[in-house]
Enquirer: 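Sharing a structure, written as structure tokens. Questions coming.
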Amino acid sequence: MSNPVTKLCVLISGNGSNLQAIIDEIKANRLNAEITGVVSNRPNAYGLERAKEAGIDAVCIDHTQYEDRNDYDSALKAQIDAFGADCVVLAGFMRILTPEFVNYFSGKLVNIHPSLLPKYKGLNTHQRAIDNGDSEHGVSVHFVTPELDGGPVIIQSRVPVFEDDTASDLAERVQEQERRIYPLVLSWYSEGRLMMRNNKAVLDDQELPESGYASE
């Protein structure tokens with residue numbers, strides 16, 4: 001018996017390249033999921049256009065129109081619930097979420113972060129890797145917990161850092177890996193193979209190590 005289709009709500013702030021990768025995998029029948037809605041906190045995010053072109057409900061909940069984080073997150077939570085999401089996918093969503101929001105969606109909230117966590121939480125990760133003389137950099141997909149970029153890692157993908165790299169060179173290399181591993185993680189989730197248990201990422205009933213699945 002096949003698994004029911006997993007309903008995804010994707011949160012974005014910008015271009016939406018990871019959103020597009022997920023849309024493409026669903027269209028190719030490699031991901032048993034449906035994106036029931038896309039939400040951006042910025043009205044000019046190109047990802048909203050990507051969603052509309054794919055026939056997906058897309059809304060902007062503009063953070064500048066809210067008094068504080070709690071008010072904003074309450075509106076966001078209500079919209080996600082209205083979309084009936086089984087899983088909330090942060091795909092370049094540039095907002096720090098309140099603990100109340102994160103705990104409400106605990107175990108259903110995943111994020112992609114452009115570094116090999118726990119290295120370089122926060123912003124400007126590519127430049128920080130270059131400035132520190134790192135020989136490798138990469139990307140992590142993780143469950144979201146109240147600690148910023150601190151939830152259990154599901155998978156990481158590594159890329160080399162070359163001597164003459166700029167931050168944009170490195171970003172391009174990392175984004176190529178992002179578009180590969182994020183749909184993979186969502187396919188595990190949609191197949192019922194992936195969950196968060198006791199603040200650990202669990203795949204096929206096995207706790208994953210701190211660096212996630214088969215770090216590569």
Side-chain angles (χ1 to χ4, degrees), residues 6 8-33 35 38 40 42 45-51 53-54 56 87-94 109-144 149 151-191 193-194 201 203 208-216:
T6 300
L8 308 176
C9 179
V10 182
L11 308 187
I12 61 166
S13 293
N15 181 48
S17 59
N18 278 307
L19 167 64
Q20 189 64 56
I22 296 163
I23 290 170
D24 292 346
E25 288 294 294
I26 291 171
K27 276 187 180 171
N29 294 316
R30 289 190 292 262
L31 174 54
N32 185 33
I35 301 173
V38 170
S40 172
R42 293 177 179 161
Y46 181 64
L48 290 170
E49 296 306 312
R50 293 182 188 271
E53 283 170 21
I56 298 166
C87 180
V88 183
V89 181
L90 306 182
F93 188 63
M94 304 303 287
L109 194 58
V110 289
N111 182 46
I112 193 158
H113 181 76
S115 80
L116 297 171
L117 290 171
K119 266 190 164 183
Y120 310 132
K121 297 177 181 183
L123 302 174
N124 304 317
T125 61
H126 310 304
Q127 191 60 53
R128 287 156 70 192
I130 290 168
D131 291 347
N132 279 345
D134 292 356
S135 62
E136 65 176 11
H137 184 47
V139 56
S140 307
V141 181
H142 65 98
F143 282 110
V144 179
D149 299 326
V153 171
I154 300 162
I155 192 172
Q156 292 183 328
S157 189
R158 297 164 187 272
V159 301
V161 182
F162 299 123
E163 204 171 307
D164 55 354
D165 270 342
T166 64
S168 58
D169 293 334
L170 199 47
E172 196 173 315
R173 207 171 297 133
V174 167
Q175 284 161 9
E176 193 177 312
Q177 295 305 310
E178 289 181 10
R179 294 190 287 270
R180 191 173 66 82
I181 65 172
Y182 215 177
L184 174 64
V185 165
L186 296 175
S187 73
W188 291 341
Y189 190 94
S190 69
E191 290 160 8
R193 297 173 56 196
L194 176 68
L203 181 66
L208 294 175
E210 282 190 17
S211 58
Y213 173 83
S215 207
E216 53 183 296

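Side-chain atoms are counted along with the backbone in the values below, which use heavy atoms only and exclude waters and symmetry mates.
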Enquirer: Where is the tightest heavy-atom contact between Arg128 and Leu123, given as atom of each residue plus distance?
Expert: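 Smallest interatomic distance, heavy atoms only, reads NH1-O, 2.7 Å.
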Enquirer: Give a yes or no on whether the backbone of Thr166 and the side-chain of Asp169 come within a donor-acceptor separation of less than 3.5 Å.
Expert: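 The answer is yes, because a donor-acceptor pair under 3.5 Å joins these two groups.
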Enquirer: Would you give the length of the straight line joining atom CD of Gln127 to atom OG of Ser168, rounded to the nearest 0.5 angstrom?
Expert: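 Between Gln127 CD and Ser168 OG, I get 9.5 Å after rounding to 0.5 Å.
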Enquirer: Report yes or no: does Gln156 contribute a side-chain atom to a donor-acceptor pair with the main-chain N or O of Leu117 at less than 3.5 Å?
Expert: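 Yes; judged by distance alone, with no hydrogens or angles, the pair exists.
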Enquirer: Measure across Ala201 and Ile154 and return the closest heavy-atom pair with its distance rounded to 0.1 Å.
Expert: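 For Ala201 and Ile154, the tightest heavy-atom pair comes out as CB-CG1, 4.1 Å.
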Enquirer: Run the side chain to side chain donor-acceptor pair (under 3.5 Å) test against Arg50 and tell me which residues pass, sequence neighbours left out.
Expert: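 Arg50: side chain to side chain donor-acceptor pair (under 3.5 Å) contacts with Asn15, Gln20.
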Enquirer: Taking the side chain as C-beta and beyond, is there a heavy-atom pair between Leu208 and Val153 under 4.5 Å?
Expert: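 When only atoms from C-beta onward are counted, Val153 and Leu208 do not touch, as no gap falls below 4.5 Å.
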Enquirer: Answer yes or no: is there a side-chain heavy-atom contact under 4.5 Å between Thr125 and Val174?
Expert: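 No, their side chains stay 4.5 Å or more apart.
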Enquirer: Has Ser187 got a side-chain atom pairing as donor or acceptor with Leu31's backbone, closer than 3.5 angstrom?
Expert: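 Answer holds: no.
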Enquirer: State, yes or no, whether a side-chain contact exists between Phe143 and Leu194 at a heavy-atom distance under 4.5 Å.
Expert: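 A side-chain contact under 4.5 Å exists here.
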Enquirer: What's the shortest heavy-atom distance between Arg42 and Ser13, and which atoms?
Expert: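 The answer is CD-O, 3.4 Å.
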Enquirer: I'd like to know if the side chain of Ser190 reaches the main chain of Ala33, judged simply by a donor and an acceptor atom lying under 3.5 Å from each other, with no hydrogens or angles considered.
Expert: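 Answer holds: no.
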Enquirer: Applying ring pair (Phe, Tyr, Trp, His ring centres under 6.0 Å), name anything that partners His142, two or more places apart in sequence or on another chain.
Expert: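 Testing His142 for ring pair (Phe, Tyr, Trp, His ring centres under 6.0 Å), a comparison that skips the adjacent residues, returns none.
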Enquirer: Using the side chain to side chain contact (heavy atoms under 4.5 Å, CB included) criterion, which residues pair with Ala54? Sequence neighbours excluded.
Expert: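 Ala54 satisfies side chain to side chain contact (heavy atoms under 4.5 Å, CB included) with Ile23, Ile56 once adjacent residues are dropped.
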Enquirer: Main chain of Ala45, side chain of Ser40: is a donor-acceptor contact present, judged purely on distance under 3.5 Å?
Expert: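 Checking the backbone N and O of Ala45 against the side chain of Ser40, no donor-acceptor pair under 3.5 Å is found.
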Enquirer: Listed by chain and number, what are the salt bridge (charged side-chain N to carboxylate O under 4.0 Å, His left out) partners of Glu163, not counting sequence neighbours?
Expert: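 None.
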Enquirer: Flag the pair Ile12 / Phe93 as yes when at least one side-chain heavy-atom distance between them is below 4.5 Å, and no otherwise.
Expert: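 No - every pair of side-chain heavy atoms lies 4.5 Å or more apart.
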Enquirer: Looking only at non-hydrogen atoms, find the nearest pair between Val159 and Gln177 and report the distance.
Expert: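 What the structure gives for the nearest pair is CG1-CG, 3.6 Å.
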Enquirer: Looking only at non-hydrogen atoms, find the nearest pair between Val110 and Tyr182 and report the distance.
Expert: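 In terms of heavy atoms, the two residues are closest at O-OH, 3.1 Å.
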Enquirer: Can you tell me how far CG of Leu170 sits from CD1 of Ile130, rounded to the nearest 0.5 angstrom?
Expert: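 Here the rounded value is 5.0 Å.
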Enquirer: State, yes or no, whether a side-chain contact exists between Leu11 and Cys9 at a heavy-atom distance under 4.5 Å.
Expert: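 Yes, their side chains come closer than 4.5 Å.
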Enquirer: Provide the full list of salt bridge (Lys or Arg N to Asp or Glu O under 4.0 Å) pairs with a residue in residues 111-122, sequence neighbours left out, each pair given once.
Expert: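 The answer is Lys119-Asp134, Lys121-Glu147.
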Enquirer: Between His113 and Tyr120, which heavy-atom pair has the shortest distance, and what is it?
Expert: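 Heavy atoms only, the tightest pair is NE2-O, 2.8 Å.
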Enquirer: Quick one: salt bridge (Lys or Arg N to Asp or Glu O under 4.0 Å) pairs with a partner in residues 9-31, sequence neighbours left out?
Expert: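 Passing the test, one end in residues 9-31: Glu25-Arg30.
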Enquirer: To the nearest 0.5 Å, how far apart are CZ in Arg158 and OG in Ser135?
Expert: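 One gets 9.5 Å once the value is rounded to the nearest 0.5 Å.
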Enquirer: Report the distance from atom CG of Leu186 to atom CD1 of Ile181, rounding to the nearest 0.5 Å.
Expert: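 One gets 10.5 Å once the value is rounded to the nearest 0.5 Å.
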Enquirer: Measure the shortest side-chain to side-chain distance between Asn111 and Leu109 over non-hydrogen atoms and say whether it is less than 4.5 angstrom.
Expert: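 No, too far: nothing below the 4.5 Å cut-off.
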Enquirer: Counting N and O atoms only, with roles assigned by atom type, does the side chain of Arg173 sit under 3.5 Å from a partner on the main chain of Pro160, one being a donor and the other an acceptor?
Expert: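 Yes, because the side chain of Arg173 sits within donor-acceptor range (under 3.5 Å) of the backbone of Pro160.
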Enquirer: If I take atom CZ from residue Arg180 and atom OG from residue Ser157, how far apart are they, to the nearest 0.5 angstrom?
Expert: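 With rounding to 0.5 Å, CZ (Arg180) is 4.5 Å from OG (Ser157).
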Enquirer: Could you go through the side-chain contact (heavy atoms from CB on, under 4.5 Å) check for Ile35 and Leu19 one step at a time?
Expert: CA-CA 9 Å; Ile35 301 173; Leu19 167 64; 3.9 Å; yes
